[in-house]
Amino acid sequence: MSKGRPPVTVAPSVQLGGAPERLRERADPCTMIIFGASGDLSRRKLMPALYKLAVDNLLDEDFAFLGVAREAMTDEQYRELMRTELEKSEGFTTLDEGAWSWLASRMWYSSADFANPDTFPAIIEKLALIDKPQADATNHLFYLAVPPSVFPATVSNLAASGLMQRTPSSSDRPWSRIVVEKPFGRSLDTALELNALLLDRVGEHQVYRIDHYLGKEAVQNILVFRFANSIFEPLWNREYISHVQITAAESVGVETRGKYYEEAGVVRDMFQNHLLQLLTLAAMEPPIAIEADAVRDEKVKVLRSLRPLVHDGQAAAVRAQYVAGKQAPDAAGYRSEQGVAADSVTPTFAAMRLAIDNWRWKGVPFFLRSGKRLKQRKSEIVIQFKSPPHMIFGEAETGHVPPGLLTMRVQPREGIALRFQVKTPGTVHELTPGFETTPVEMDFCYQDAFGETPNSAYETLLLDTMLGDATLFTRSDEVETAWRVMDPLIQLWSDRPAPEMPTYGAGSWGPTEADALLTDELPGARWL
Ligand code: NDP
Ligand code: BG6
């Protein structure tokens, strides 16, 4: 019988004595051109990732960087701005002056409006100075870190300028690649248009559609955990799994990105990409090899097996918006955030139930939730196992024994925890002949086991783009299939803007309607 004691942590289960020597390939020589180089993504994620690659000596001696945005700045002002931002970035400790000078000496800035083709000659001129003396032989990596509404014009003008050209195959040199940030379009139609535009100008092998969740160490570990071990795979199906919960919760609000978020909302911002990626990795069949197309083929099959979210004008989904709440007294409500309309009906939280109609998962619900200004930052996949068919221990018969849980933590404390029942030492239930049981947890934490923080997602992904490894990027059919899943829900909600948008207090775990989504189907279940 469980008395609801706090789980006992039996960790770490491995003692590795520090991080093993890792072999990481050095990037190809290239000039990287970031469009949107003064924006939030460039400051907070891309520059720290480039700096870390420089510290780890993974950039080529001939690496160069050109940042482009509308704001007028000199090269030196841009370098200063990036240094200041780097020193403010998450997890930053002390500046490695050697690595910074190395990077800064290869860093340039040019001002241009990507919607205006007339400004591209200035970029070409600057590149000619940077790329020299072998401009024709330089590999180019174009990175679209601009608002999604600017993607099409940037791609068109970039191709028209002659800077980005089609190459017949991935082995051609010099290479020319384009990284496109998410959300890739704002609907299925716009994603189809953007794919058509890109593939009219370059080959699929040149396009890297980024979803930074795929660059997270713990997300890649889902594949290793599932397919490098034979322990869990036989249980990974409808026979043993009751349901799956996938959470991407953030404690922050929309910060400085209110304008972007008003256009996006939580479904475009998090579900169409990050949450569906987590779902596909948790649910996919084993790929024939860890190769880009083999992995992507299996992920697409999962997306194609998802039952339509909207049926007869109804969806098993809940939306809500945060308001000021006593659990986070300093946090403003969404409608008071900078760049947000006072009567906005943009959801900042959603929860939904998805069903995968295939042999493995028939009848196993997948519950997904994500939101801003929630109680805690955590992203994880929880597999809840079924209870044994016949329980012989005390109150277990009445269903009070907590079920077995496998939690794959994406962040924070990247790792895996397994909860199971053990006999409570020295106890025998007073009234029944059964034993008293207690849930305990075995916990693997990357940092404890390997003694280091995993690489940032952008560090991994930037290196992959420079090496031409597309395994962790999404293919055109994958991104389109993901829109096919989410578009009907976005449409349903925009056709019926909630007159009274359901709300949740900042610092809470979201609206109570999200709890009902679970309990309506699984009485007694709760979000974990
Ligand atoms: P910001 O609005 O902060 O930055 C946009 C950048 O694009 C600025 O440098 C801006 O420069 C430039 N820009 C915009 N329009 C033009 C134009 N017409 N011509 C030239 N430059 C232009 O956006 P974010 O950095 O937040 O986001 C960029 C992309 O990254 C988006 O697709 C977003 O969804 C994605 N993303 C962002 C994340 C984040 O944490 N920020 C995380 C994951 C993805 P200027 O003001 O000088 O015009
Ligand atoms: C981005 C979203 O893609 O992911 C942001 O645009 C969100 O709104 C971010 O904050 C979350 O990423 P992470 O790595 O902090 O979970």
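This is a predicted model, so every value here is computed, not measured. Order of listing sets the numbers, starting from 1, for every ligand and every atom in it. Keep in mind that the numbers below use all heavy atoms, side chains included, and drop hydrogens, waters and symmetry copies.
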Close side-chain approach of Arg413 and Gln447, heavy atoms under 4.5 Å
no
Need the ligand 2 atom indices (1-based, order shown) with element for anything under 4.0 Å from a heavy-atom of Asp269.
2 (C), 5 (C), 6 (O), 8 (O)
Does Tyr261 have a non-hydrogen atom less than 4.0 Å from ligand 2?
no
Relative to the heavy atoms of Lys182, which atoms of ligand 2 are at a distance of less than 4.0 Å?
1 (C), 2 (C), 3 (O), 6 (O)
Hey, what's the ring geometry for His212 with Tyr458, parallel, tilted or perpendicular (30° and 60° as the breaks)?
parallel
Taking only non-hydrogen atoms of Lys216 and a 4.0 Å limit, the atoms of ligand 2 in range are 13 (P), 14 (O), 16 (O)
Just checking, any donor-acceptor pair under 3.5 angstrom between side chains of Glu337 and Tyr322?
yes
Side chain proximity check, Thr465 to Tyr143, heavy atoms < 4.5 angstrom
no
Indicate every side-chain donor-acceptor pair of residues 484-491 with a distance under 3.5 Å to a residue at least two apart or in another chain.
from	atom 1	to	atom 2	distance (Å)
Asp487	OD2	Leu188	N	3.0
Gln491	NE2	Asp495	OD1	3.2

Looking at Glu480 and Ala191, would you say the former's side chain and the latter's main chain have a donor-acceptor pair under 3.5 Å?
no
Would you check if Pro511 and Phe349 make a side-chain contact, meaning some heavy-atom pair closer than 4.5 Å?
yes
Could you check which of Glu90, Glu181, Lys378, His212 puts a non-hydrogen atom nearest to atom 12 (O) of ligand 2?
His212
Between Trp509 and Lys378, is there a cation-pi geometry (under 6.0 Å to ring centre, at most 45° from the normal)?
yes
Taking 4.0 angstrom as the limit and counting only heavy atoms of Lys372, give me the atoms of ligand 2 inside it, by number and element.
5 (C), 7 (C), 8 (O), 10 (O)
May I ask you to list the atoms of ligand 2 that are less than 4.0 angstrom from any heavy atom of Arg377?
15 (O)
Looking at His274, which atoms of ligand 2 are within less than 4.0 Å of one of its heavy atoms?
1 (C), 3 (O), 4 (O)
Say whether Tyr334 and Thr503, considering side chains only, have a donor N or O and an acceptor N or O under 3.5 Å apart.
no
For Arg257, the atoms of ligand 2 under 4.0 Å from one of its heavy atoms are 2 (C), 5 (C), 6 (O), 8 (O)
Should Leu281 and Arg226 count as side-chain neighbours, where that means a heavy-atom distance under 4.5 Å?
no
With atoms numbered from 1 as shown, which atoms in ligand 2 lie under 4.0 angstrom from a non-hydrogen atom of Glu250?
7 (C), 10 (O), 11 (C)
When the ring centroid of Tyr446 is compared with that of Phe444, is the distance short of 6.0 Å?
yes
N/O contact list for ligand 1, threshold under 3.5 Å:
from	atom 1	to	atom 2	distance (Å)
ligand 1	3 (O)	Asp40	N	2.9
ligand 1	9 (O)	Gly36	O	3.3
ligand 1	9 (O)	Ser38	N	3.2
ligand 1	9 (O)	Ser38	OG	2.7
ligand 1	9 (O)	Gly39	N	3.0
ligand 1	11 (O)	Ser38	OG	3.3
ligand 1	15 (N)	Arg70	NH2	3.4
ligand 1	18 (N)	Asp113	OD1	3.0
ligand 1	19 (N)	Asp113	OD1	3.4
ligand 1	19 (N)	Phe114	N	3.0
ligand 1	25 (O)	Asp40	N	3.1
ligand 1	25 (O)	Leu41	N	2.8
ligand 1	26 (O)	Arg257	NE	3.4
ligand 1	32 (O)	Val146	O	3.0
ligand 1	32 (O)	Lys182	O	3.2
ligand 1	34 (O)	Lys182	O	2.7
ligand 1	40 (O)	Arg44	NH2	2.9
ligand 1	41 (N)	Asp40	OD2	2.6
ligand 1	41 (N)	Arg257	NE	3.4
ligand 1	47 (O)	Arg70	N	3.0
ligand 1	47 (O)	Glu71	N	2.8
ligand 1	48 (O)	Arg70	NE	2.5
ligand 1	48 (O)	Arg70	NH2	3.1

